[in-house]
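Data first, discussion second: the structure below is written as structure tokens.
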Amino acid sequence: MSMASGLEGLLQEPGPQPPELVAKLNTERVELAQKIERLKTFMTLDATFKGLSWHHRRLLEQQLENMSKYEGNLVERMILLNQKENEDD
């Protein structure tokens, strides 16, 4: 099975209705935000970070950037779901 056909199946499967999905996304966002804060703290306050190789530090910086983008995507999805829910009222 190709990745595309696997994704199509996931998108077509019934899932949580918007209010439940928004709550699930928000829980995921809160957990992700906590991980982002822990990583930021490690990178700014923990001497261990400064002792890592340049390559490891760079990978952690990229990880933080990607986590932040992912958090933004979750927020955008919640906004879209809330807009759709309000349109349906």
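The model shown is predicted, which means the values in this text are computed figures rather than measured ones.
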### Query
Tell me, which pairs form a salt bridge (Lys or Arg N to Asp or Glu O under 4.0 Å) where one or both residues lie in residues 50-60, sequence neighbours left out?
Arg58-Glu61, Arg58-Glu65
### Message
Enumerate the salt bridge (Lys or Arg N to Asp or Glu O under 4.0 Å) contacts for residues 34-45, please, sequence neighbours excluded, ordered by first and then second residue.
### Response
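Listed by first then second residue: Glu37-Lys40.
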Reported [atom1]-to-[atom2] distance for the pair [X] and [Y], which is rounded to 0.5 angstrom:
X	Y	atom1	atom2	value
Leu59	Asn66	CG	CG	10.5 Å
Leu32	Ser68	CG	OG	7.5 Å
Leu74	Glu31	CG	CD	10.5 Å
Gln34	Leu39	CD	CG	14.0 Å
Met43	Gln63	CE	CD	9.0 Å
Leu81	Lys24	CG	NZ	12.0 Å

### Query
Where do Leu25 and Met78 come nearest, in terms of heavy atoms and distance?
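Scanning both residues completely, I find the closest heavy atoms to be CB-CG, 3.7 Å.
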### Message
Please give me the minimum heavy-atom distance between Phe49 and Phe42, naming the atom from each residue.
### Response
CB-O, 3.6 Å
### Query
Got a sec, which residues hit side-chain hydrogen bond (donor to acceptor under 3.5 Å, both in side chains) with Thr48, two or more places apart in sequence or on another chain?
Asp46
### Task
Mark yes or no for whether Asn26, through its side chain, and Val22, through its backbone, hold a donor-acceptor pair below 3.5 Å.
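It does not hold such a pair.
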### Message
Is there a continuous path of hydrophobic side-chain contacts, each under 4.5 Å between heavy atoms, that joins Ile36 to Val75?
### Response
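Ile36 clusters together with Val75.
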#### Entry: Hydrophobic cluster identity match, Met67 and Leu52, side-chain contacts under 4.5 Å
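Both belong to a single hydrophobic cluster.
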### Query
Would Leu80 and Arg77 count as a side chain to side chain contact (heavy atoms under 4.5 Å, CB included) if you check the C-alpha gap in whole Å, the side-chain angles of each, and the deciding distance to 0.1 Å?
CA-CA 5 Å; Leu80 287 173; Arg77 289 181 62 202; 5.7 Å; no
